[in-house]
Amino acid sequence: IDWETSTQDYFYVDLAVYANFYIYDRDQIEAFLKTYFKRNPAKLERAKFEVMRPLAHALHALWMVHIANLHVEPANMINLNYNEFQAQLR
């Protein structure tokens with residue numbers, strides 16, 4: 001589980017993050033959403049997903065800027081457990 005990009009209570013963020021990094025064309029998006037919802041998504045579901053995609057990109061960009069300003073070597077963060085990783089981000 002990627003604890004830094006997973007969310008609680010709003011799965012559209014999780015769907016958007018996954019789609020932004022692993023899905024490259026419209027046909028794959030359609031298959032992804034249809035598989036997730038086990039049916040064709042409703043208009044509102046699709047709209048929430050589409051709105052969340054650029055917001056997820058912005059969130060990721062801000063997170064990268066934050067990490068870049070920590071002055072912590074990324075290699076030193078690889079083997080940390082979740083609590084240690086969170087402590088490095090503060």
Side-chain angles (χ1 to χ4, degrees):
I1 296 173
D2 183 350
W3 293 107
E4 293 310 309
T5 58
S6 64
T7 58
Q8 296 177 12
D9 302 327
Y10 202 68
F11 63 88
Y12 289 102
V13 175
D14 301 329
L15 294 175
V17 168
Y18 184 86
N20 286 348
F21 285 98
Y22 300 108
I23 298 178
Y24 305 105
D25 64 42
R26 184 51 56 190
D27 291 338
Q28 290 176 332
I29 293 277
E30 295 306 317
F32 174 64
L33 292 175
K34 194 179 238 183
T35 300
Y36 181 82
F37 289 109
K38 298 183 174 102
R39 58 176 165 71
N40 286 324
K43 280 186 175 183
L44 182 59
E45 292 167 331
R46 180 176 301 284
K48 288 179 180 180
F49 170 76
E50 293 297 340
V51 166
M52 195 52 61
R53 288 191 75 191
L55 293 175
H57 274 305
L59 177 65
H60 190 258
L62 290 171
W63 186 64
M64 291 295 109
V65 168
H66 173 68
I67 287 176
N69 286 306
L70 292 176
H71 307 293
V72 175
E73 291 295 321
N76 295 337
M77 296 180 76
I78 290 175
N79 294 318
L80 301 177
N81 69 36
Y82 179 74
N83 290 331
E84 293 167 335
F85 181 79
Q86 287 296 321
Q88 289 292 319
L89 295 178
R90 292 189 190 110

Determine whether Lys48 and Tyr10 make a side-chain contact, defined as any pair of heavy atoms from C-beta on separated by less than 4.5 Å.
yes

His60 side chain reached by Val17 side chain, heavy atoms, under 4.5 Å:
no

Between Glu50 and Arg26, does any side-chain N to carboxylate O distance fall below 4.0 Å?
yes

Are the aromatic rings of Phe32 and Tyr22 close, with centres under 6.0 Å apart?
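Between Phe32 and Tyr22, the centre distance exceeds or equals 6.0 Å.
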
Rounded to the nearest 0.5 Å, what's the gap from CD1 on Ile23 to CG on Leu15? Could you check?
8.5 Å

Rounded to the nearest 0.5 Å, how far apart are CE of Met64 and CG of Leu59?
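So the gap between those two atoms works out to 9.5 Å.
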
Ignoring hydrogens, what is the shortest heavy-atom contact between Tyr12 and Met52? Give both atom names and the distance.
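Closest heavy-atom pair between Tyr12 and Met52: O-CG, 3.5 Å.
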
Between Phe49 and Arg53, does the side chain to side chain contact (heavy atoms under 4.5 Å, CB included) criterion hold? Intermediate values first, please.
CA-CA 6 Å; Phe49 170 76; Arg53 288 191 75 191; 3.6 Å; yes

